[in-house]
Novice: 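Let me begin by handing over the structure; questions about it come next.
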Number of protein chains: 2
Amino acid sequence: MEATEIRQHFPTFEKELVDDIEEKSEVRSFTAGEQLMRTGQYFKSTMLIVEGLVKVYREDDQGNEFFMYYLQPGQACALSMVCAVKQETSQIMAKAVKDTEVISIPLAYMDEWMGKYKSWYHFVLETYRSRFEELLVTIDHIAFQAMDERLEFYLKKHVQTLGSKIIPISHQEIADELNSSREVISRLLKKMEQLGKVKLQRNSIEVIHLS
Amino acid sequence: MEATEIRQHFPTFEKELVDDIEEKSEVRSFTAGEQLMRTGQYFKSTMLIVEGLVKVYREDDQGNEFFMYYLQPGQACALSMVCAVKQETSQIMAKAVKDTEVISIPLAYMDEWMGKYKSWYHFVLETYRSRFEELLVTIDHIAFQAMDERLEFYLKKHVQTLGSKIIPISHQEIADELNSSREVISRLLKKMEQLGKVKLQRNSIEVIHLS
DNA sequence: GGAACAATGTGACAAAAGTCATAGACCAGG
DNA sequence: CCTGGTCTATGACTTTTGTCACATTGTTCC
């Protein structure tokens, strides 16, 4: 990985850290749809997203999957960090939405750099903090909000993250990720269309205006 | 705080760290019912629980509160750590259930020790990890389980944490913490009583046998 | 074009949870 | 031992969500 590219996505990193990353890390690529991480897997490295987009899910024993948050360039997977240190597994699944490039950093360096580079230390803690906050927001939504509000939030988030008003997704997929059923989502979307909030096409939803 | 007491609750801490804590930290006491942390508050220190029991809630804008997890002696508040570093606030509320004693560690040392003491570094990361996992379990429950299962889990957790089969709590309080309504909780509890799972008294629930 | 399949639309119904109204049970303080 | 307040019980009803059945509409591929 070239230093300039690293610096571009991780501008807070000091020069020596960037050099260290350049030297000791490994770049890995995933094509859209591929899994970066599977339930029950052990981590030997932590991953920083350089390019692309990753969707992180929670999976329960019965195979229900539940959308938690996106990872974008400049971000890292908090769980891979946290599990790496303790050599534990986690019920997390991550999937590349677009073709994705990550920097894979061996566990040993991740530890070493915590003491060596202030910017790395802050990056790691900030990663924990922000993912923690995301989870809290997620909890708020499931706990306090009705399906229609959650659906609107879901669409909003996707528009934001994809940088496009058109979300290429089926009703069934949304239902799975919100842990609901296709019919319910279809009904709510139809209602939203009648209110002029979205425009429905086959396999995609165009967001017009959300409150 | 005496070194022996610190070592008792935090056995992994190395000697020098315990000495540092003894010297630089401050003990704070809270009586049952008192708040350790309020929504929107800034942290200037992080807190390790030495004695007692603390309940941690999530609060949303409208004042709904939602029970997340307990903190027991030997544990620390992940959020106070994470927010301390970035000097940010969080929508978290913590309340002492029993009379509680905490070690309050100024932000500056918390940072310094991360590089200095391996045991502190691991303690902090382990705190993040375990709280993160707790949140994931919480999400599983809200997302995938019906009220009756969540109620059983709630009771089970309380029995475990309180170390007593008798939980001193009203139906209304449970309803608030599970974000439901009193009638629903009363009905479910009644059903559980008929199944011989619990015994209901005024202001307390005796757990007989949970699946 | 037509078969096969995936995605969506829709009505009818069931189940779970929330709301409302009301009543009884229990408790503490005067 | 009354009284006001809190806690619990319960029936009736509404709303939301989930489920089932089936129709319709696109899409793909021969």
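Per chain, numbering begins at 1; letters A, B, ... match sequence-line order. Worth saying up front: this structure is predicted, and the values here are computed from it rather than measured.
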Novice: Have A/His209 and A/Lys165 got a donor and an acceptor in their side chains that come within less than 3.5 Å?
Specialist: no
Novice: For A/Thr12 and A/Ser119, test the side chains for any donor-to-acceptor distance below 3.5 angstrom and give the result as yes or no.
Specialist: no
Novice: Between A/Arg131 and A/Glu126, is the closest basic N to carboxylate O distance under 4.0 Å?
Specialist: no
Novice: With a 6.0 Å cut-off (strictly less than), is the heavy-atom count around NZ of B/Lys199, excluding the residue itself, greater than 12?
Specialist: no
Novice: How close or far is atom P of C/dG18 from atom CG of B/Asp176, stated in whole angstroms?
Specialist: 12 Å
Novice: Report each atom pair, protein N/O against N/O of nucleotides 15-17 of chain C, whose distance is under 3.5 angstrom.
Specialist:
from   : atom 1 : to       : atom 2 : distance (Å)
C/dA17 : OP1    : B/Met147 : N      : 2.7

Novice: B/Glu183 has an atom CD; how far is it from atom P of D/dG11, in whole Å?
Specialist: 13 Å
Novice: For A/Leu151 and D/dT16, give me the distance from atom CG to atom P, rounded to whole Å.
Specialist: 15 Å
Novice: Rounded to the nearest angstrom, tell me the gap between atom NZ in B/Lys199 and atom C1' in D/dT8.
Specialist: 17 Å
Novice: Assign the ring pair A/His141 / A/Phe153 to parallel, tilted or perpendicular, where the plane angle (0 to 90°) is split at 30° and 60°.
Specialist: tilted
Novice: Measure all distances between protein nitrogen or oxygen atoms and nitrogen or oxygen atoms of nucleotides 6-8 of chain C, and list the pairs falling under 3.5 Å.
Specialist:
from  : atom 1 : to       : atom 2 : distance (Å)
C/dA6 : N3     : A/Arg202 : NH2    : 3.2
C/dA7 : O4'    : A/Arg202 : NH1    : 3.3
C/dA7 : O4'    : A/Arg202 : NH2    : 3.3
C/dT8 : OP1    : A/Asn203 : N      : 3.0
C/dT8 : OP2    : A/His171 : N      : 2.9

Novice: Who are the salt bridge (charged side-chain N to carboxylate O under 4.0 Å, His left out) partners of B/Lys98, not counting sequence neighbours?
Specialist: none
Novice: For B/Lys190 and B/His171, does a side-chain donor sit closer than 3.5 Å to a side-chain acceptor?
Specialist: no
Novice: With a 4.0 Å cut-off, would you call A/Glu134 and A/Lys157 a salt bridge?
Specialist: yes
